[in-house]
Structure formats: structure tokens, C-alpha cells
Amino acid sequence: RRHVQSMERLDSLQNLLGTGWWEITAEEQIALAPTLASALNLSDRLLPVEDWLSLFHPADRDELRSRLRALQWQGDALTLSVRLHRAEVGAAATWYRIQGQVSATGEHRRLVGFMLDISDIQNQQQRAAAAHARLDNLIASSPAVIYVQRYAEGALVPDFFSASLQPLLGWTLEEAAGRAGLARST
């Protein structure tokens with residue numbers, strides 16, 4: 001009874017997170033947790049690895065294939081963020097973090113892993129990156145006025161100002177530094 005409750009809790013958690021386990025069989029097939037198969041809209045929980053790879057965006061697919069081979073042949077741990085390949089134009093991408101490892105050795109060797117839906121995090125990062133790019137473009141296209149002073153020997157002395165401020169001031173930074181030197185010597 002406890003085992004059944006534990007499995008129900010695990011299934012519920014995996015379903016809520018849009019996640020689940022996977023395992024690559026000796027026959028080059030991938031077995032998926034029921035919750036993961038459902039999240040990926042798959043009717044079959046067991047499919048050829050190449051069919052599973054075709055679910056992912058072409059830009060991510062080769063890297064995932066390469067990392068899976070490294071997991072299979074060298075035992076290198078797999079950690080990768082990939083997008084699902086969706087036909088819907090303009091729809092937000094569905095991202096998964098895929099992790100995998102080799103379990104056991106010899107004839108008991110298994111390739112197992114976990115997939116976690118990280119779409120919220122990835123899409124938020126992309127929105128933040130787009131906002132930063134817009135801000136950078138705004139700054140680059142706007143006339144910048146920067147004026148920095150430092151405190152030296154009891155006086156505020158110009159230390160730096162942007163070239164766009166020079167016509168307004170009517171003097172260069174070197175001339176301002178010279179004036180500050182004259183003011184101190186008198």
C-alpha cells in the first residue's frame with residue numbers, strides 16, 4: 001500500500017512539473033514515463049530513439065544526438081536544454097532540460113535520465129534578453145550625455161564627459177583640466 005501511494009505521489013509530481021524519466025533500451029528504443037509521454041503528446045511510451053530525437057527542434061537535435069552518443073559510448077553525463085519542434089508559428093517554445101547517466105555496469109548497464117519542462121524559465125530569460133537588447137539599442141541610438149567629476153584638493157574637477165557634450169560646454173576635457181590647474185595655482 002505504501003509503495004502504491006508513493007508511486008501515485010511521484011506520478012502526480014511528475015505530471016504537475018511536466019516531467020518524467022526516460023531509459024534507452026539495448027534495442028535503441030527509448031522508454032518514457034507515462035507522464036512524460038503524455039506531456040509530449042505521444043500515444044506510445046516506447047519508440048525508436050531517432051523518432052524521439054525528431055520531436056526536438058532541428059537546431060538542438062544534432063547536439064542532443066551527439067550528447068546521447070557520448071553517454072552511450074563514453075559514459076559522459078548528459079545535461080542539455082533543448083526545444084521541442086512545434087509547427088505552430090509564433091507559439092512560445094517548449095523547453096526541456098534533459099539529463100542522463102549510465103547506471104550499473106556490464107550486462108546490467110542502463111542509460112537512464114530525466115526530462116524537466118523549463119519553458120517558463122527559458123521564455124522569461126529570452127524576454128529579459130530581448131528587453132536588454134532594446135535598451136542597448138535605445139542607448140546606442142540616443143545622444144548620450146555623460147559628465148563625471150572627481151573631488152581633488154577641495155574642488156570638483158571634470159574627470160570625463162561624452163563627446164556629445166563638448167559643443168554645449170564649448171571646451172574639451174583637456175581644456176577643463178587645464179582650467180582646474182589654473183584655478184588651483186591662483
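These values consider heavy atoms only, across backbone and side chains, with no hydrogens, waters or symmetry-generated copies.
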(Q) Taking the side chain as everything from C-beta on, heavy atoms only, tell me whether M115 gets closer than 4.5 Å to R97. (A) no
**Q.** Shortest non-hydrogen separation from R45 to A33 and the atoms involved
**A.** NE-C, 4.0 Å
Q) Which residues satisfy the side chain to side chain contact (heavy atoms under 4.5 Å, CB included) test with A70, sequence neighbours excluded? A) Q74, D76
Q) Linking I/L/V/M/F/W/Y whenever any side-chain heavy atoms sit under 4.5 Å apart, do L64 and L42 land together? A) yes
Q. Is the number of heavy atoms from other residues, nucleotides or ligands under 6.0 Å of L46 CG greater than 12?
A. yes
Q | Side-chain donor/acceptor of R83 to backbone N/O of T94, under 3.5 Å | A | no
(Q) Under 4.5 Å between side-chain heavy atoms, counting indirect links through other Ile/Leu/Val/Met/Phe/Trp/Tyr residues: same cluster for L36 and L71 or not? (A) yes
Q. Minimum heavy-atom separation for S54 to R61, with atom names?
A. O-NH2, 3.4 Å
Q. Do Y96 and L40 come close enough that some side-chain heavy atom pair is under 4.5 Å?
A. yes
**Q.** Considering all heavy atoms, the nearest D44-A37 contact
**A.** O-CB, 4.4 Å
Q | Within-4.5 Å side-chain heavy-atom neighbours: Q149 and D159 | A | no
Q.
Do L80 and V112 land in one hydrophobic cluster if side-chain heavy atoms of ILVMFWY residues count as linked below 4.5 Å?
A. no
Q.
Checking one residue: W21. Which other hydrophobic residues are in its cluster under the side-chain 4.5 Å linking rule?
A. F114
Q. When hydrophobic residues are tied together by side-chain contacts of less than 4.5 Å, even through go-betweens, does L116 share a cluster with I24?
A. no
Q: Give a yes or no on whether the backbone of T172 and the side-chain of E175 come within a donor-acceptor separation of less than 3.5 Å.
A: yes
Q.
Check this for me: Q125, atom CD, are more than 12 non-hydrogen atoms of other residues, nucleotides or ligands nearer than 6.0 Å?
A. yes
Q. Roughly how far, to the nearest 0.5 Å, is the CG atom of L53 from the CG atom of L68?
A. 6.0 Å
(Q) When you compare the side chain of Q99 with that of W22, does any pair of heavy atoms fall below 4.5 Å? (A) no
Q. CH2 of W52 to CD1 of I30: how many Å apart, nearest 0.5 Å?
A. 4.0 Å
Q. Counting N and O atoms only, with roles assigned by atom type, does the side chain of D60 sit under 3.5 Å from a partner on the main chain of F56, one being a donor and the other an acceptor?
A. no
Q: Mind running side chain to side chain contact (heavy atoms under 4.5 Å, CB included) on L78 and Q101 for me, showing each step along the way?
A: CA-CA 6 Å; L78 167 66; Q101 64 185 20; over 6 Å; no
**Q.** salt bridge (Lys or Arg N to Asp or Glu O under 4.0 Å) contacts touching residues 116-128 (sequence neighbours left out)
**A.** none
Q: In sequence, state the C-alpha distance, the side-chain angles, and the governing distance for Q126 and W95, and then conclude on side chain to side chain contact (heavy atoms under 4.5 Å, CB included).
A: CA-CA 12 Å; Q126 287 181 340; W95 286 85; 3.5 Å; yes
Q) Do you see a donor-acceptor pair shorter than 3.5 Å between the side chains of Q72 and E28? A) yes
Q. Do V82 and L32 belong together in a cluster built from hydrophobic side chains that touch within less than 4.5 Å?
A. yes
Q: State the CG-CZ distance between L156 and R150, to the nearest 0.5 angstrom.
A: 10.5 Å
**Q.** Any donor-acceptor N/O pair, R67 side chain to T79 backbone, under 3.5 Å
**A.** yes
